[in-house]
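Only one structure is covered here, and it is reproduced in the block below.
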Number of protein chains: 2
Amino acid sequence: MGIVTETMVAADAREETRARIEQAALDLFTAQGFEAVTIDEVADAAGISRRTFFRHCGTKADAVWGQFDGHVVRLEGMLAAAAADQPVLASVYAAYVEVNDYAPADLPMLRQRMRLILTEPALLAHSQVRYADVDRVVAAHVARRTGVAPDALVPRLVATSTRAAATTAFELWLADGRITLGTALHQAFDELAAGFPSLRLPG
Amino acid sequence: MGIVTETMVAADAREETRARIEQAALDLFTAQGFEAVTIDEVADAAGISRRTFFRHCGTKADAVWGQFDGHVVRLEGMLAAAAADQPVLASVYAAYVEVNDYAPADLPMLRQRMRLILTEPALLAHSQVRYADVDRVVAAHVARRTGVAPDALVPRLVATSTRAAATTAFELWLADGRITLGTALHQAFDELAAGFPSLRLPG
DNA sequence: ACCGTAGGTGACACCCAGTGCCACCGGCAA
DNA sequence: TTGCCGGTGGCACTGGGTGTCACCTACGGT
């Protein structure tokens, strides 16, 4: 029991330190640009050494991405818990909406993160690596539900295109201050799931 | 006239040097892995200096990506030349198929490139930056044809999801030695354009 | 034939991200 | 007190990428 408590405390302290570093990094990156800020400057701002920065954040990009792993795990859990009678596409849809249902207090920092990720080339590049994890999880879910291999066309395609829809929704939300993230996700998924109905309207 | 000829010759020689460097890089990366090979080794293999490598290829990743800019330009041209009475999605579909219609002689090198790009994390990351250019071109086309802003939902979504379909087709083609790249593209696009009909078959 | 120029090249110095290693310091248990 | 252990900082090193300078070569003009 004592061990558990101590472990939790240590983990919390570690989280807190990491959060402090990330906040310092986000502020500096936002103010001066991702490439223009060196790790030394971030470390100085966070009151730690350069070496400690890397121990906590791994890479410069990870300082912006933060605990994205947790998102993937949560998404995986939601997909696993999806009702079996729900259409596959609907379950992916719902999981994406739910995993991106942020508390209002978290939205400003999310905006800050996403603006950097979608603006800075180095971070945009890094996103592909993160997305690959998401795609694997979604493709595995689709494969399980449809009884085909995870690396077959449909599971892969559903994974990549739904994720494309989600990122598009993020871009829209970021560019347009009025639209809700949930609304943007719904619009994008509805459009995708129906085969782009709004393109057929004029013709 | 003389100037034009000289310029062309110089450009050709430059292309040739670049092609030689790229081939040396591809071979080394394929044999030993992207990260395990240093620029010095590539430069040595190509018979040039480290500095000259960067002058010709820009970055390590660009040595693998090669003349991708040309692809984007060609895609843009095809979209611009698409028949006005053709459905928008069909024009994007056709352009993607056409721009990826490689000569049989080019297929081995394409396989080599794509295997690296889809396998090596650093190259996968870089792909997002290249894809962004493609997406911009496609989104602009869709926006022009539908009369909405290029950064609106539908143009962006069409761009990202069709590109997702194309990359999925590439993955399939790479993993399965029997399927044609064109066939894979057709399958992916048909599935996407119809709103994933094969998911609806069982239900 | 001579000279000036421009482009390609190589060598060098530098910046910065990322890693391995070691030494230190704090707390905690025996 | 002693020994251990996790976090930390310092240091050195690798490797990608860039700026700068000197050189050399090929070409055009005189």
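A, B, ... follow the sequence lines: proteins, then strands. Residue 1 opens every chain. Please read all numbers here as calculations on a predicted model, not as lab measurements.
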Do [X] and [Y] pair up side chain to side chain, a donor and an acceptor below 3.5 Å, judged on atom types alone?
X      : Y     : value
B:H126 : B:D62 : yes
A:Q67  : A:E15 : yes
A:Q86  : A:S91 : no

Protein-nucleotide distance ([X], atom [atom1]; [N], atom [atom2]), rounded to Å:
X     : N      : atom1 : atom2 : result
A:E16 : D:dG7  : CD    : C1'   : 15 Å
B:E35 : D:dG15 : CD    : C1'   : 11 Å
B:E41 : D:dG16 : CD    : C1'   : 13 Å
B:R18 : C:dG7  : CZ    : C1'   : 18 Å
A:D44 : D:dG10 : CG    : C1'   : 14 Å
A:Q32 : C:dC16 : CD    : P     : 12 Å
B:R14 : D:dT25 : CZ    : P     : 20 Å

Can the positive tip of B:R178 be found less than 6.0 Å from the middle of the six-membered ring of B:W173, inside 45° of the ring normal?
-> no
Is a side-chain N or O of B:R113 found less than 3.5 angstrom from the main chain of B:V64, in a donor-acceptor match?
-> yes
Hey, is the main chain of A:T52 close enough, under 3.5 Å, to the side chain of A:H56 for a donor-acceptor pair?
-> no
Identify whether any heavy atom of A:V37 sits under 4.0 Å from a base atom; if not, whether one sits that close to sugar-phosphate; answer base, sugar-phosphate or nothing.
-> sugar-phosphate
Could you list by number each residue of residues 46-66 of chain B showing a heavy-atom separation from DNA chain C of less than 4.0 Å, or answer none if no residue does?
-> B:I48, B:S49, B:R51, B:T52, B:R55, B:H56
